[in-house]
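First up is the structure itself, then whatever we jot down about it.
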Amino acid sequence: MKIYLAGPDVFLPDAREVGRRKAELCARYGLIGLYPLDNAIDIAANDASLQIFRGNEAMMDDADAIIANLTPFRGPGADAGTVYELGYMAGRGKFCLGYSNDPSPYVERVARFTTVSAGDGRLIDPEGLTVEDFGLADNLMLVHALARYGAALLTPRQAVADLWHDLDCFEACVRLAARHARAPD
């Protein structure tokens, strides 16, 4: 089973090392991890961003499943590119797994970035926009897509010391993928 390893990990200073560690964990369970930075891209080319996009989509097309790192990135929610990749894979009926290393509910994370108050029987931000509050770890569409196309979003029981390098929830996703790969059709 080939697994596309999605997430904002590609932006880390040690992104290649993190990808290597994730691919090694996949191999330990008999799986093949496909990491976006393994694509051959000419980063100096005028069309570098298009090369990245096409390379990642080709890699996802080749994959049987996705493990998406949905740890909040530059805000209260998951990385937009990772969310796209998860939707891409779900839309193709591929096995979808995801994790977040931040166990706090989405509404608590929003409150870290802006004022959240009660108004008209709902939670709102300073612009009067509803703040989603279903007690979920992220946006309801992400959480329920994972449950429908794979397994529930995995989060640690308590905050981890290093959001970007703790791979316990990632490894739990790998174990689920390996179990899925061994299951009879």
Side-chain angles (χ1 to χ4, degrees), residues 1-41 43 48-49 52-53 55-56 59-60 62-90 94-113 136-139 142-143 145-147 150-181:
M1 174 182 261
K2 294 179 184 175
I3 303 187
Y4 183 74
L5 307 177
D9 315 70
V10 297
F11 300 112
L12 296 173
D14 59 343
R16 292 196 185 280
E17 173 62 18
V18 170
R20 185 192 61 73
R21 289 179 56 214
K22 285 184 165 189
E24 283 177 359
L25 280 170
C26 289
R28 188 179 308 160
Y29 289 88
L31 308 171
I32 300 167
L34 304 176
Y35 191 60
L37 292 183
D38 292 340
N39 284 316
I41 304 296
I43 203 70
S49 67
I52 293 167
F53 176 80
N56 290 355
M59 198 176 263
M60 287 187 283
D62 191 41
D64 305 295
I66 184 172
I67 296 177
N69 178 354
L70 299 169
T71 300
F73 180 69
R74 297 184 181 146
D79 167 56
T82 304
V83 172
Y84 168 80
E85 292 166 333
L86 178 59
Y88 186 90
M89 295 294 274
K94 298 195 180 192
F95 191 61
C96 297
L97 299 167
Y99 70 97
S100 172
N101 277 336
D102 186 336
S104 58
Y106 178 71
V107 70
E108 286 181 21
R109 294 197 316 269
V110 171
R112 293 179 197 161
F113 290 89
L136 301 174
D138 214 306
N139 178 279
L142 295 178
V143 170
L146 286 167
L153 176 70
L154 297 181
T155 59
R157 293 184 196 277
Q158 56 190 5
V160 297
D162 186 339
L163 280 178
W164 301 114
H165 295 93
D166 188 299
L167 296 180
D168 289 349
C169 285
F170 172 79
E171 187 172 3
C173 286
V174 172
R175 285 192 301 271
L176 287 171
R179 191 174 314 135
H180 178 76

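Heads up: numbering here begins at 1 and tracks the sequence. Excluded from the calculations below are hydrogen atoms, water molecules and symmetry mates; all remaining heavy atoms, backbone and side chain alike, are included.
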Margin query: Ignoring hydrogens, what is the shortest heavy-atom contact between Gly33 and Leu5? Give both atom names and the distance.
Written below: CA-CD1, 3.8 Å
Check: Is the closest basic N to carboxylate O distance between Arg112 and Asp102 below 4.0 Å?
Finding: yes
Next item on the list: For side-chain contact (heavy atoms from CB on, under 4.5 Å), just list the numbers for Tyr99 and Ile67, CA-CA rounded to whole Å, side-chain angles, deciding distance to a tenth of an Å, and then say yes or no.
Entry: CA-CA 8 Å; Tyr99 70 97; Ile67 296 177; 4.0 Å; yes
Item checked: Asp168 (side chain) donor-acceptor with Pro156 (main chain) under 3.5 angstrom -> no
Item checked: Heavy-atom side-chain contact between Met89 and Glu85 under 4.5 Å -> no
Notebook entry, point to check: Among Leu153, Thr82, Val83, whose side-chain contact (heavy atoms from CB on, under 4.5 Å) with Leu142 holds?
Noted result: Val83
Next item on the list: Please round to the nearest 0.5 Å and tell me the distance separating atom SG of Cys26 and atom CD of Glu171.
Entry: 10.0 Å
Item checked: Minimum-distance pair of heavy atoms, taken over all atoms of Leu86 and Leu70 -> CD2-CD1, 4.2 Å
Notebook entry, point to check: Which heavy atom of Asp79 sits nearest a heavy atom of Phe73, and at what distance?
Noted result: OD1-CD2, 3.6 Å
Check: Going by heavy atoms in the side chains, are Asn101 and Phe170 under 4.5 Å from each other?
Finding: no
Notebook entry, point to check: Minimum heavy-atom separation for Leu25 to Tyr29, with atom names?
Noted result: O-CD1, 3.1 Å
Notebook entry, point to check: Counting distance only, does the side-chain N/O of Lys2 pair as donor-acceptor with the main-chain N or O of Leu34 below 3.5 Å?
Noted result: no
Checklist line | With sequence neighbours excluded, residues passing side chain to side chain contact (heavy atoms under 4.5 Å, CB included) with Phe113 | finding: Pro76
Next item on the list: Determine, stepwise, if the pair Glu17 / Arg20 fulfils salt bridge (charged side-chain N to carboxylate O under 4.0 Å, His left out).
Entry: CA-CA 5 Å; Glu17 173 62 18; Arg20 185 192 61 73; 2.3 Å; yes
Notebook entry, point to check: Does NZ or CZ of Lys22 lie under 6.0 Å from the centre of the six-membered ring of Tyr35, at an angle within 45° of the ring axis?
Noted result: no
Margin query: Within 45 degrees of the ring normal and closer than 6.0 Å to the centroid, is that where the cationic atom of Arg74 sits relative to Phe11?
Written below: yes
Note to self: For a quick test of reading the model, state the closest non-hydrogen atom pair linking Cys173 to Leu97 and the distance between them.
What the structure shows: O-CD1, 3.2 Å
Next item on the list: Look only at the side chain of Arg109 and the backbone of Ala137, and say whether a donor-acceptor pair between them is shorter than 3.5 Å.
Entry: yes
Next item on the list: Search all heavy atoms of Leu37 against all heavy atoms of Ala15 and return the closest pair with its distance.
Entry: CD1-CB, 3.5 Å
Note to self: Run the side-chain contact (heavy atoms from CB on, under 4.5 Å) test on Asp62 and Tyr4 for me, step by step, so that the C-alpha distance in whole Å, both residues' side-chain angles and the decisive distance to 0.1 Å come before the verdict.
What the structure shows: CA-CA 9 Å; Asp62 191 41; Tyr4 183 74; over 6 Å; no
